[in-house]
Amino acid sequence: MIQAIFQYEFLQNAFLTGLIIGVIAPLLGAFIVVRRLSLIADALSHVTLSGIAASLFLSKSVVMFNGLNPLWMGMTFSVIGSLFIERLRTVYKHYQELAIPIILSGGIGIGVIFISLADGFNTDLFSYLFGSVSAVSRDDLWLILGIAIVVLSLVIILYKELFLLSFDEEFGKASGLPAKALHLIFMVMVALVIAASMRIVGILLVSSLMTLPVAAAMRIARGFKQTIFFSILFGELAVIAGLFSAFYLDLAPGGTIVVSSILLLLLAIALKKWQVMRK
């Protein structure tokens, strides 16, 4: 595959996109897991599916939508979904977790409607569901790179604030932090990363790349910064192993990346048990 990467542009796009996603997805995943909001990734991924299905339907029905990259509408739906989650979390103050299944259900329902209007599944939609090496264009790569730069910049700038709100939200609010604004910024970042990751991992599996590397990292890390470091390391290893497996076995990269993540998680668990037994 290494030799083929230098020969074919679509492999370059897929490999570089995978490396970028391998950084930003586990990075935000570390904050999501600490906040015990892992299901948010699932909810927003289904909302993103609605946007993709809507874009594919409109591209067949409305002339002005012909040639529009479905990623743009998927991102739009995902960001809107993140805003609704934050709004519902304020409406249900004592039952904030209700916001996630509400948005998840809505995303599935709207997605099914647009898929039905588009006369069912097609090849394009399947590539978004499970990921595709050949479907990543150079425009997708530049868009995902732009998202990564924005996300990395915001995490670096707001790291202390995000860290404090993740571990002790009440103290953060008492300290004068603009909690609502920070939550909103974080949710929008998560929405953008989910929409960006679906090209490689697939909509139905993107949440796995945000949580499995973090779960593996938490078994061996000492402290939150180490958790972030190992999460990104495991994310990159899973993406690289998954893309190579998908290339040589002619499989959807989403599945191979997730299976690679699971194997790394099992390895981390075994390593932790071995360390405990040695003591």
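All values below come from the heavy atoms of this structure, side chains included, with hydrogens, waters and symmetry mates left out. Remember, predicted model here, so these are calculated numbers, not experimental data.
Distance CE/Met73 to CD1/Ile80: 9.5 Å, rounded to 0.5 Å. Distance CD1/Ile147 to CG/Leu152: 11.5 Å, rounded to 0.5 Å. Between atom CD1 of residue Ile52 and atom OG of residue Ser45 there is a gap of 11.5 Å, rounded to the nearest 0.5 Å. Atom-to-atom distance recorded for Ile108:CD1 and Ser50:OG is 8.5 Å, nearest 0.5 angstrom. Note that CG of Leu162 is 12.0 Å distant from CD1 of Ile156, once rounded to the nearest 0.5 Å. We find the CD-OG distance between Glu161 and Ser166 to be 11.0 Å, quoted to the nearest 0.5 Å.
Put simply, the side chain of Leu88 reaches to within 4.5 Å of the side chain of Ile103, judged on heavy atoms. For the pair Ile40 and Arg35, the minimum side-chain heavy-atom distance is 4.5 Å or more. Taking the side chain as every heavy atom from C-beta outward, Lys225 and Phe163 never approach each other to under 4.5 Å. Considering only heavy atoms from C-beta on, Met75 comes within 4.5 Å of Leu192 through its side chain. At a threshold of 4.5 Å between non-hydrogen side-chain atoms, the residues Val33 and Thr227 do not count as touching. Two residues are said to be in side-chain contact when any heavy atoms from C-beta on lie closer than 4.5 Å; Ile262 and Val258 meet this criterion. Contact of the Leu158 side chain with the Phe186 side chain is not registered, since no non-hydrogen atoms from C-beta on lie closer than 4.5 Å. Within the 4.5 Å cutoff, the side chain of Leu83 has heavy atoms near those of the Val188 side chain.
Closest non-hydrogen pair, Leu243 versus Ile257, comes out as N-CG1, 4.4 Å. Nearest heavy-atom pair, Ser197 versus Ala25, reported as atom, atom and distance to 0.1 Å: OG-CB, 4.2 Å. In terms of heavy atoms, Val239 sits closest to Gly22 at CG2-CA, 4.0 Å. Counting all heavy atoms, side chain and backbone alike, Ala216 lies closest to Leu264 at CB-O, 4.2 Å. Across all their heavy atoms, Ala43 and Ile85 have their closest contact at CB-CD1, 4.4 Å. Heavy atoms only, all atoms of each residue included: Ser260 and Gly242 are closest at OG-N, 3.7 Å.
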- Message: For Val79 and Leu44: C-alpha separation, side-chain torsions, deciding distance, then whether side chain to side chain contact (heavy atoms under 4.5 Å, CB included) applies.
- Response: CA-CA 8 Å; Val79 170; Leu44 292 180; over 6 Å; no
- side chain to side chain contact (heavy atoms under 4.5 Å, CB included) evaluation trace for Asp140 with Thr17: CA-CA 8 Å; Asp140 292 335; Thr17 299; 5.7 Å; no
- Query: Does the pair Trp72 and Leu143 meet the rule for a side chain to side chain contact (heavy atoms under 4.5 Å, CB included), with working shown?
  - Reply: CA-CA 9 Å; Trp72 286 106; Leu143 178 59; 3.6 Å; yes
- Before giving the answer on side chain to side chain contact (heavy atoms under 4.5 Å, CB included), spell out for Phe15 and Phe247 the whole-Å C-alpha distance, their side-chain angles and the decisive distance to 0.1 Å. CA-CA 11 Å; Phe15 192 75; Phe247 178 78; over 6 Å; no
- Step by step, would you call Phe167 with Phe224 a ring pair (Phe, Tyr, Trp, His ring centres under 6.0 Å)? CA-CA 10 Å; Phe167 284 92; Phe224 187 64; 5.3 Å; yes
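In this structure a side-chain-to-backbone donor-acceptor pair under 3.5 Å is missing from Ser207 to Ala41. In this structure, the side chain of Glu236 does not engage the main chain of Ile232 through any donor-acceptor pair within 3.5 Å. Side-chain atoms of Thr256 come within 3.5 Å of backbone N or O of Pro253 as a donor-acceptor pair.
Phe77 and Val112 end up in different hydrophobic clusters when Ile, Leu, Val, Met, Phe, Trp and Tyr side chains are linked at under 4.5 Å. Leu28 and Leu182 fall within the same hydrophobic cluster, defined by Ile, Leu, Val, Met, Phe, Trp and Tyr side-chain heavy atoms under 4.5 Å apart, directly or through other members. Using a 4.5 Å cut-off between side-chain heavy atoms of Ile, Leu, Val, Met, Phe, Trp and Tyr, with links allowed through other members, Leu104 and Val193 fall into different hydrophobic clusters. Tracing side-chain contacts under 4.5 Å through hydrophobic residues (I, L, V, M, F, W, Y), one never reaches Val214 starting from Met187; they form parts of separate clusters. Hydrophobic clustering (side-chain heavy atoms under 4.5 Å, transitive across Ile, Leu, Val, Met, Phe, Trp, Tyr) keeps Leu263 apart from Leu212.
Taking the six-membered ring where the residue is Trp, Phe57 and Phe114 present tilted rings, their angle falling between 30° and 60°.
Not a single salt bridge (Lys or Arg N to Asp or Glu O under 4.0 Å) links Asp42 to another residue, sequence neighbours left out.
A side chain to side chain contact (heavy atoms under 4.5 Å, CB included) with Met189 holds for exactly one of Val151, Ile194, Leu27, Ile24; it is Val151.
For CZ of Arg138, the number of neighbouring non-hydrogen atoms (other residues, nucleotides, ligands) closer than 6.0 Å is greater than 12.
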